[in-house]
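I have placed the structure first, in the form of structure tokens, so that the comments after it can refer back to it.
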2 protein chains.
Amino acid sequence: MTTERIGRPLKNALAHAELIAMLTAVTGEEPRVMTVRRGDALPSGPFELGHRSLQSGLREWVSEQTGHPVGYLEQLYTFADRDRSPEERARRTISISYLGLVREQAAPGAGKPGWHGWYEYFPWEDHRRSRPDHLATITDQLRAWSEAERLRHEHRQRRIDFAFGLDGAPWNEEFTLHRYELMYEAGLVVEAGAAPDRATGQPMFADHRRILATGIARLRAKIKYRPVVFELMPENFTLLQLQRTVEALAGLTLHKPNFRRLIDQQELLEETGAMSSESGGRPAKLFRYRHAVLEERALSGSKLPLSRH
Amino acid sequence: MTTERIGRPLKNALAHAELIAMLTAVTGEEPRVMTVRRGDALPSGPFELGHRSLQSGLREWVSEQTGHPVGYLEQLYTFADRDRSPEERARRTISISYLGLVREQAAPGAGKPGWHGWYEYFPWEDHRRSRPDHLATITDQLRAWSEAERLRHEHRQRRIDFAFGLDGAPWNEEFTLHRYELMYEAGLVVEAGAAPDRATGQPMFADHRRILATGIARLRAKIKYRPVVFELMPENFTLLQLQRTVEALAGLTLHKPNFRRLIDQQELLEETGAMSSESGGRPAKLFRYRHAVLEERALSGSKLPLSRH
DNA sequence: TCCTTTATACTCAAAATGAGTATATTTAGA
DNA sequence: TCTAAATATACTCATTTTGAGTATAAAGGA
């Protein structure tokens, strides 16, 4: 392909390819991400000749850097940057990011390796207890930024209201990436030059926090129409555990009776027969995911008004 | 990042980066894709140092190779292959594919440049008139392939039934990619070594037909929850034209009254005041897309049973 | 004029959703 | 031992959203 088309020097097209993983688990009702270094970078490494595919290359890096096995893996996004190191200005890096879902290994020191809670990096994204106080700080600063520019003010203001659920708009948990990008654009986060601040969360290396935001947004959207939560659950679990996991991901609380109705409408689960009495109150039935579903139910709710004939 | 982690030779990570575009328009109730060469390849070109970003690089290639401007653009998928040409075995190519939506320019010779109907490449995907006859040919061959292997037979059979809507399963228009991949795996398509056959559609260069299938699947899914169809519509249009466009993409017919109800529930349109009498019968009102919606309504239907507090 | 074609407006039953209530079973402790 | 607190689970009920179909209006052409 490359060779047969255009007469430009091929060297122009050479680039580094970097694989980056956003690995997520939910433990103790807290969604976590696997990190390296001091919790400020995602596992990553170059794509090499020895790798059979992008996916398998990524798996190798993750296993080398974290020792953690990876099950479910899906591509997130690919982006390009001019290399940062001075001697390489003339070269590009292409970063291919993946979202991985795992069951956290209870083994080594409980949450040791490099697991950090999502909400350390995004304190404003957890609305389970209430609207986080920090949000006011953030939106005030955004307002100020918005007003600083006469011309785009109105447009910016609408983007802010919409992304953060102000002025009548509801909070939408899926807009994680929009929110982060607005904050970045406004220079509120450390990665964009701001001073560290509790309200704006832990910063990360390069654009890793943006990748994390992308993964969160993707996962929050996906749990609604595809049964991916089960990648994060242990073999057997109670309905409340399942609900708490979804709530942890969405950063929202759910209506219990309706959540249960939704679950058994879908017929995704089967009872194991055993009970769990770990939770204090009345013992709960244990369920397991019906693996048969994996094939049948890659379900996709038809939202089109079909006509039969 | 690359430099600070591991002591491997960086050369290993060098690769070609190739940008590939699946550009779609809908004209005369037929969804089309922009091609180059003799209709067997998608516009593409290497990512170069001069390109500001992946997107802008792609825009330049498309405009150079087809002369067609591109509006809406979204990333599809990134994959890697060992280079095919013998002298480059030792190098990788990374292909980054995009989906673009455009209004076909009526200008040069009506559908001339390189526009080809989707269904030339995927004749089995158009169910607007009826289930295509070719489908039986295809599924018969798949059955045979499935039975050829004792062990995986049952599993394969379920995949086939599910993907093609056999044995009680409904036809799901979103499974375009699954279907193509099954056919590829079974060696039914020319790209996988089969002899050309009207039932299995026009083949394409390298994996371009797979990219096309990916784009079709993505677009068919997306029109259900995000107002992207309008990228394909002219400024003013009738409700039936809108319906026909959606039908062309989905390869299905829709229920007219319910389609209209759906549309005006969403309040996506406004009347222009003018009428269209091009269609034979009673003249229809002309509508236009409410551009204000673009910001407000990046809507995402909450399918989670929220609890208020 | 009347038939064909397309546009638009309603109707109605069934299913899905949002919100809340009522009744079991446990454990912890007064 | 009895009670309260914490869960678990089962229902109810009004509202909205779908799926499917019918009825009426306005054009053009035989």
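Given the structure is predicted, the values throughout are model-derived calculations rather than measurements. Heavy atoms only: backbone and side chains are in, while hydrogens, waters and symmetry mates are out. Labels below follow one simple rule: chain letters A, B, ... track the order of the sequence lines, proteins then strands, and each chain is numbered from 1.
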| Starting at the 5' end of DNA chain C, which residue's closest nucleotide do you reach first, G281(B) or A284(B)? |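 Whichever sits nearer the 5' end wins; that is G281(B).
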Problem set entry | 5' priority, DNA chain C, between N258(B) and P283(A) [closest heavy atom] |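 Final value for this comparison: N258(B).
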In whole angstrom, give the distance that lies between atom [atom1] of [X] and atom [atom2] of [N].
X: Q266(B); N: dT17(D); atom1: CD; atom2: P; answer: 11 Å
X: L286(B); N: dA27(D); atom1: CG; atom2: P; answer: 14 Å
X: Q243(A); N: dT9(D); atom1: CD; atom2: C1'; answer: 13 Å
X: Q265(A); N: dA10(D); atom1: CD; atom2: P; answer: 15 Å
X: F259(A); N: dG18(C); atom1: CZ; atom2: P; answer: 14 Å
X: D264(A); N: dT9(D); atom1: CG; atom2: C1'; answer: 11 Å
X: L242(A); N: dT7(D); atom1: CG; atom2: C1'; answer: 16 Å
X: R244(B); N: dT6(C); atom1: CZ; atom2: C1'; answer: 10 Å

Item to check | Qualifying residues under ring pair (Phe, Tyr, Trp, His ring centres under 6.0 Å), relative to W124(A), sequence neighbours excluded | outcome: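 Partners of W124(A) by the ring pair (Phe, Tyr, Trp, His ring centres under 6.0 Å) criterion, ordered by chain and then number, come out as F122(A).
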Problem - Sidechain-backbone polar pair: Q243(B) side chain, L254(B) backbone, donor-acceptor under 3.5 Å - result: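 Checking the backbone N and O of L254(B) against the side chain of Q243(B), a donor-acceptor pair under 3.5 Å is found.
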Taking the minimum atom-to-atom distance to the side chain of [X], which one of [options] wins?
X: H255(A); options: dA19(C), dA7(C), dT9(D); answer: dA19(C)
X: L240(A); options: dA10(D), dA8(D), dG19(D); answer: dA8(D)
X: R261(A); options: dC11(D), dA7(C), dT17(C); answer: dT17(C)

(Q) Less than 6.0 angstrom from the centroid, inside 45 degrees of the normal: does R128(A) satisfy that with respect to the ring of W171(A)? (A)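 Pair R128(A)/W171(A) does not count as cation-pi.
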Exercise. Could you point out which residue of K222(B), R218(B), K224(B) forms a side-chain hydrogen bond (donor to acceptor under 3.5 Å, both in side chains) with E174(B)?
Key: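 Of K222(B), R218(B), K224(B), side-chain hydrogen bond (donor to acceptor under 3.5 Å, both in side chains) with E174(B) is met by K224(B) alone.
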Is the distance between the ring centroids of F175(B) and F162(B) under 6.0 Å?
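F162(B) vs F175(B): aromatic centres under 6.0 Å.
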**Prompt:** Do R282(B) and dA26(D) have a side chain to base donor-acceptor pair shorter than 3.5 Å?
**Reply:**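 Donor-acceptor pair under 3.5 Å: no.
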Item checked: Contact under 4.0 Å: R260(A) side-chain N or O vs dT9(D) OP1/OP2 ->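 Checking R260(A) against dT9(D): at least one side-chain N or O falls below 4.0 Å of OP1 or OP2.
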ask   = Within the structure shown, what part of the strands sits under 4.0 Å from K256(B) by heavy-atom distance: base, sugar-phosphate, or nothing?
value =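 Touches a base.
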